[in-house]
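Remarks on the structure that follows.
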Number of protein chains: 2
Amino acid sequence: VLVFQVKQEVDKLLELKAQLGDDQKTKFILKCPKGTRDYNPLQMSIREGVFNTIIKCFKRHGAETIDTPVFELKETLTGKYGEDSKLIYDLKDQGGELLSLRYDLTVPFARYLAMNKITNIKRYHIAKVYRRDNPAMTRGRFREFYQCDFDIAGQYDPMIPDAECVKLVAEILSQLDIGDFVIKINHRKLLDGMFAACGVPDDKFRTACSAVDKLDKTFWDDVRMEMIDEKGIDPVAVDKIGEFVKLRGGIDLIDELLQNEMLKSKKEAIEGLEDLRLLLKYCDLYGVLDKVSFDLSLARGLDYYTGVIYEAVLKGYAHTPVAGSEEESVSVGSVAGGGRYDGLVGMFDPKGKKVPCVGVSIGIERVFSIMESKAQASNEKHRTVETEVYVVSAQKNLVEERMKICRELWDADIKTESAYKKNPKSLDQFQYCEYSGTPLAVIIGTSELEQNVVTLRIISTREEKEVPRDRMVETIREELAKLSSAS
Amino acid sequence: VLVFQVKQEVDKLLELKAQLGDDQKTKFILKCPKGTRDYNPLQMSIREGVFNTIIKCFKRHGAETIDTPVFELKETLTGKYGEDSKLIYDLKDQGGELLSLRYDLTVPFARYLAMNKITNIKRYHIAKVYRRDNPAMTRGRFREFYQCDFDIAGQYDPMIPDAECVKLVAEILSQLDIGDFVIKINHRKLLDGMFAACGVPDDKFRTACSAVDKLDKTFWDDVRMEMIDEKGIDPVAVDKIGEFVKLRGGIDLIDELLQNEMLKSKKEAIEGLEDLRLLLKYCDLYGVLDKVSFDLSLARGLDYYTGVIYEAVLKGYAHTPVAGSEEESVSVGSVAGGGRYDGLVGMFDPKGKKVPCVGVSIGIERVFSIMESKAQASNEKHRTVETEVYVVSAQKNLVEERMKICRELWDADIKTESAYKKNPKSLDQFQYCEYSGTPLAVIIGTSELEQNVVTLRIISTREEKEVPRDRMVETIREELAKLSSAS
C-alpha cells in the first residue's frame with residue numbers, strides 16, 4: 001500500500017510538472033499586437049508599386065515632402081479630433097513629456113507649419129498613423145495603417161487648390177486601376193447652415209456632424225435615434241435633417257438648394273453652395289466632373305474641417321447597410337478623404353495667425369488588399385528580388401572562384417547572388433534561379449577555369465554560351481538589355 | 001493719498017493680469033518631443049538620395065524587404081537587450097496588451113522568422129527605431145532614428161554570408177562618398193575565450209562585454225573601474241583583459257593569438273580566431289581587406305550576438321577620448337554595426353529551433369548630417385520639387401484657360417504647376433520658376449488664345465517661342481529632353 005501511495009504521489013507530481021512545462025510553453029504568445037500586421041516580401045513589392053504610383057502623382061503636381069516624428073506631445077493632439085480622441089494611443093509617462101502616437105498626418109502638418117512660421121507650401125507625407133479602433137481586419141481595417149497625404153497651405157483664391165485635390169484623387173485612383181470610383185463632395189458651411197435651418201442649436205453642430213458621418217455605415221433610423229436620444233437634438237429638427245441628407249446630385253441640385261426656402265436665409269449655407277458650384281465648374285475644366293457627386297450625407301468625422309469636404313469611394317465595394325444584419329457594417333469602399341481646414345494652424349500659433357489649408361489623404365490599406373487579391377488571382381509571377389545573375393558552381397571547392405566573380409559583378413553594378421554553401425548542389429542552384437525569376441546564370445567548373453571563360457546560361461531558354469572572362473560583364477549587360485527589350 | 005492708493009492697487013492688478021495672460025500664452029509649447037525632429041523638404045530630398053543608394057545596394061545583393069509594426073508586445077522585446085532594456089519606450093496600458101516601441105529591427109525580424117517558420121531569407125528593412133537615450137542631438141544622435149538593416153538567415157557554411165555583410169557595408173559607405181572608413185571586426189567567441197583565459201567567471205561574460213563596449217567612448221581607466229567596482233570582477237583578471245583589448249591588426253595578429261599561451265587552451269577563443277581568419281580571407285577575395293581591422297576592443301553592447309561582430313567607423317570623425325574633458329564623449333563616427341546572432345530566433349520558437357543569422361545595420365542619421373553640411377557648403381541648388389512646367393497668365397482672368405492647360409499637361413504625365421491665385425502677378429510667377437528651378441514656362445495671354453498658340457519660355461536662357469496649341473505637349477517633351485541631355 002505504501003509503495004502504491006508513493007507511486008500515486010509521484011504521478012501527481014509528474015502531472016503537475018508536465019502542466020507547469022506546458023504553461024511555460026504556451027505563456028509566450030508569438031504574434032503581432034492586436035490590429036497590426038507584418039508585410040511579407042510579396043506584400044512589400046505590391047506596396048512599393050502602389051507608393052510609386054502615388055508619389056509620382058504627388059510630384060506631378062509639384063509637391064515636396066516632409067516627415068515628422070511618430071509621436072507628438074499629447075497636448076498637440078488634444079482638442080483636434082472631437083469624439084475620436086478616445087482612439088489615440090498614449091505612451092507611458094516615464095518622468096518625461098506626455099506623448100501620443102500620431103492619429104493622422106494633418107495635425108502634425110499644422111504643428112509643423114505653425115512652428116516654422118510657414119505660410120504657404122504644397123507638401124505630401126506618406127507615413128503610418130495609429131488608431132486604437134476596434135479593427136475589422138478581414139475588411140482591411142487596422143490600428144496601424146498608412147496614410148498618403150497631399151495638402152496645399154496658403155492664402156489663395158476660392159476653390160483653386162480645392163479643385164486640384166479632387167483632380168489629384170481622380171488621377172491616383174484611375175492610375176491604380178482598382179475599378180470605378182466616385183468622389184463625394186459636401187461643405188461644412190452648408191452642413192452648418194442646414195443644421196441651423198433645421199433648428200439645431202449652434203453648440204450641437206459638431207456632434208450632429210459626427211452622427212451624420214455614420215450614414216455610410218449605418219441606417220438613417222439609427223442615426224436619427226443617436227441624434228435624439230444620445231445627443232438631445234429636437235426630433236422635429238432631426239426629421240428635417242433626414243430630408244436633406246437624402247439628397248445627392250450635381251450642379252442642378254446646387255441651384256435647387258440655392259432657392260430652398262429654409263436655406264436661403266442662412267448665409268453660411270449660401271456660401272457653401274456658392275463654393276461647391278465653383279468647385280464643380282473647376283472639376284469640369286480638369287476633366288473629372290463625371291467622377292464627382294455632391295452628397296449631403298457626407299459629413300466627415302473630424303472637427304477641424306471648415307469648408308469643402310471630400311470622400312472617394314470604390315463603386316465595387318460601396319457599402320449598402322443590410323436591414324436586420326447583426327454585424328457591424330463597415331464602409332470598406334472609402335479610399336480617400338479630406339477637406340479644407342482653415343483654422344487648424346491658427347490653433348498652434350501663439351498669436352492665432354491663420355494659414356488656410358486644404359488636402360486629401362489616400363487610405364491605401366484597402367488598395368493593398370485589392371492589389372493582393374489581384375496578384376493572387378493572376379498567374380503572373382511577382383518577383384520579390386531583382387537579382388539579374390546567379391553564379392553557379394558546377395563542381396566542388398569553387399567557392400573562392402565564385403566569390404571573385406560576384407565581386408566583379410557587384411563592382412560593375414550587376415545584381416548578383418550565389419549560394420552561401422561551400423559546395424551547393426547543381427540542381428539547388430538552378431532551382432533557385434527558376435524560383436526567384438533570375439534571368440541569367442554564370443556557370444564555372446574546372447574546364448571554364450582552365451580556359452579562362454565562363455558559361456553564360458539564359459534561364460528561360462536554357463541556351464548556353466561560353467564567354468571569355470574579360471568579356472563577361474559586357475556580355476551580361478548585352479544579354480540583360482536583350483531580355484528586357486523582349487519582355 | 002486715497003487716489004494714489006487706488007492707483008497703486010489698480011497697477012498691481014493690471015500687472016497680475018498681464019502675468020496671467022503671458023502664462024497662458026507660454027503654457028502651450030510648440031515643439032517636437034525631446035530627441036525627435038521634423039525633416040524639411042531639403043532634408044527629405046537628401047534623405048531620399050541616401051536611401052536610394054542604400055536600397056540599390058541591398059537589391060544588388062539580392063535582398064527582398066519586409067515590414068513589421070512600430071510596436072511589439074512588450075514581452076517580445078524582454079530579455080533581448082541586456083543593460084539597454086531601460087531605454088525601451090513603453091505604451092500606456094489601456095486595458096489591452098502591454099506594448100513597446102521597437103528598439104531595433106533585429107528582434108522584430110527574429111520574431112517574424114519564428115512566427116512564420118521561415119528558415120532562410122535575405123531581407124532588408126528600413127524603418128525608424130526608438131531609444132529613450134539621453135540624446136546629444138548636435139552630434140546627430142536622436143531618440144527616434146532610422147536604421148537600414150540587411151540580414152541573411154539560414155544554415156550555411158562558415159563566414160560566407162558574414163563576409164558578404166562586410167562587402168555590403170564597404171560598398172554602401174564608398175558609394176555614399178562621405179570619406180574614408182574602417183570596418184572593425186571581432187568575435188564573441190574570442191571575447192568569451194579571452195574573458196575565460198583572464199579568469200572572469202562565466203556568468204560575468206556579458207556584463208564584461210558591456211563594459212568593454214564603452215572603450216570607443218571612454219578611457220580604459222574608466223572601463224577598468226567599472227569592471228572592478230560596479231561589476232565585481234577580480235582586478236587581476238581586469239588587468240589581463242586590459243592587455244588584450246589594446247590589440248588590433250590583421251591576419252598576423254590572428255596567427256600570433258592562435259599561438260598565445262593563455263588563449264591556446266580555450267576552445268572558444270580558437271574557434272573565434274579560426275572564423276576571423278576565414279573571414280579575412282573572404283574579405284580579400286571580395287576586395288575589401290584594406291577596409292577591415294581586427295580589433296579586440298570591439299565588443300558591441302547587445303546580448304544577442306554569438307559570433308562575428310562588426311562596426312564601421314568614419315575615419316574623419318573617429319573619437320579619441322580627451323583626458324580631463326568633463327563632457328560625455330560620444331562615438332560620432334560609428335555608422336554601421338552588426339554581427340552574427342545564431343540564438344535569437346530560437347528564443348521565439350516554441351521548440352527552440354534555431355535559425356542562424358548574420359546582419360548589419362546602417363545607422364544613417366550621422367550620414368544625413370554629413371550630407372546636409374555638404375549640401376549647405378556647396379553652391380549647387382538642391383531642388384525639392386520636380387516641376388517641369390509652370391503655366392503663366394500674362395493677363396487677368398485667365399485662370400480657367402490655365403486650368404485647361406494644366407489638365408492637358410498632367411494627363412500627358414508632365415509635372416506641372418500654376419498659381420493658385422485668380423490673377424497672379426507676372427513677376428511672382430516667373431520668380432517662382434527661378435526659385436523652384438522649374439525649367440520651362442507655358443505663357444498664355446489673349447493674343448495666344450486668339451491665335452490658338454502658347455508661348456514656351458526656357459527659364460535659364462529666357463529664350464521664347466510660339467508653339468501651336470496642338471503641338472504643345474510634344475514640344476515640351478522635346479525641350480525637356482534637350483535640357484536634360486545638356487546638363
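Everything numeric in this text was worked out from a predicted model, so none of it was measured. Every chain is numbered from 1, with letters handed out A, B, ... down the list of sequences.
Ranked by heavy-atom pairs under 4.5 Å with chain B, the list A:Tyr286, A:Tyr89, A:Tyr390, A:Trp410 is led by A:Trp410. Heavy-atom pairs under 4.5 Å with chain A were tallied for B:Asp349, B:Asn120, B:Thr68; the largest tally goes to B:Thr68. Ranked by heavy-atom pairs shorter than 4.5 Å toward chain B, the options A:His61, A:Arg47, A:Met115 are led by A:His61. Between chain A and the residues B:Glu164, B:Glu72, B:Gln155, the largest count of heavy-atom pairs under 4.5 Å involves B:Glu164. Of the listed residues (B:Ser100, B:Ser418, B:Ser436, B:Gly287), the greatest number of heavy-atom pairs within a distance under 4.5 Å of chain A belongs to B:Gly287. Chain A forms more heavy-atom pairs under 4.5 Å with one residue of B:Val288, B:Asp90, B:Asp93, B:Val385 than with any other, namely B:Asp90. Options B:Asp411, B:Thr387, B:Val70 differ in how many heavy-atom pairs under 4.5 Å they form with chain A, and the most are formed by B:Val70. Residue with the most contacts toward chain B among A:Met159, A:Glu48, A:Gln43, A:Glu386: A:Glu386 (heavy-atom pairs, distance under 4.5 Å). Comparing B:Glu388, B:Arg383, B:Lys122, B:Glu408 by heavy-atom pairs within less than 4.5 Å of chain A, the highest count is held by B:Lys122. Of all the listed residues (A:Lys128, A:Glu144, A:Lys56), the one sharing the greatest number of non-hydrogen pairs under 4.5 Å with chain B is A:Glu144. The candidate with the highest count of non-hydrogen atom pairs below 4.5 Å against chain B, out of A:Pro158, A:Ala114, A:Ala163, A:Gly62, is A:Gly62.
When atom types are taken as modelled, the side chain of A:Arg60 and the backbone of B:Leu409 share no donor-acceptor pair closer than 3.5 angstrom. Between the B:Thr36 side chain and the B:Cys32 main chain, no donor and acceptor come within less than 3.5 Å of each other.
Only the side chain of A:Ile152 comes within contact range of chain B, with at least one heavy atom under 4.5 Å from a heavy atom of that chain. Within the 4.5 angstrom heavy-atom criterion, only side-chain atoms of A:Glu171, from C-beta onward, approach chain B. At a 4.5 Å heavy-atom cutoff, the contact between A:Lys167 and chain B is made by side-chain atoms alone. Proximity to chain B involves both the backbone and the side chain of A:Lys421, based on heavy atoms less than 4.5 angstrom apart. Both the backbone and the side chain of A:Leu285 come within less than 4.5 Å of a heavy atom of chain B. For a residue to count as touching a neighbouring chain, one of its non-hydrogen atoms must lie under 4.5 Å from one of that chain's; by this rule B:Leu73 touches chain A with backbone and side chain alike. No part of A:Phe58 comes within reach of chain B, as not one of its non-hydrogen atoms sits under 4.5 angstrom from that chain. At a 4.5 Å heavy-atom cutoff, A:Leu42 makes no contact with chain B through either its backbone or its side chain. Heavy-atom distances place both the backbone and the side chain of A:Glu400 under 4.5 Å from chain B.
For the residue pair B:Glu64/B:Tyr124, the side-chain donor-acceptor check at 3.5 Å is not satisfied. Side chain to side chain, B:His382 and B:Ser45 meet the donor-acceptor criterion of an N or O pair below 3.5 Å.
Contact annotation: the side chain of B:Thr65 never approaches that of A:Pro41 to less than 4.5 Å [non-hydrogen atoms, C-beta and beyond]. Side chains of A:Tyr420 and B:Asp157 form no contact here, defined as non-hydrogen atoms less than 4.5 Å apart.
For NZ of B:Lys86, the number of neighbouring non-hydrogen atoms (other residues, nucleotides, ligands) closer than 6.0 Å is greater than 12.
In this structure, B:Tyr39 and B:Phe368 have perpendicular ring planes: the angle between them is above 60°, well past the 30° mark.
A cation-pi arrangement is found for A:Arg123 relative to A:Phe109, the charged atom lying closer than 6.0 Å to the ring centre and inside a 45° cone about the ring normal. Both tests do not hold together for B:Arg143 against B:Tyr130: distance to the six-membered ring centre under 6.0 Å, angle to the ring axis within 45°. Both tests hold for B:Arg37 against B:Phe142: distance to the six-membered ring centre under 6.0 Å, angle to the ring axis within 45°.
A pairwise comparison of heavy atoms in A:Ile88 and A:Leu101 identifies CG2-O, 4.2 Å as the closest pair.
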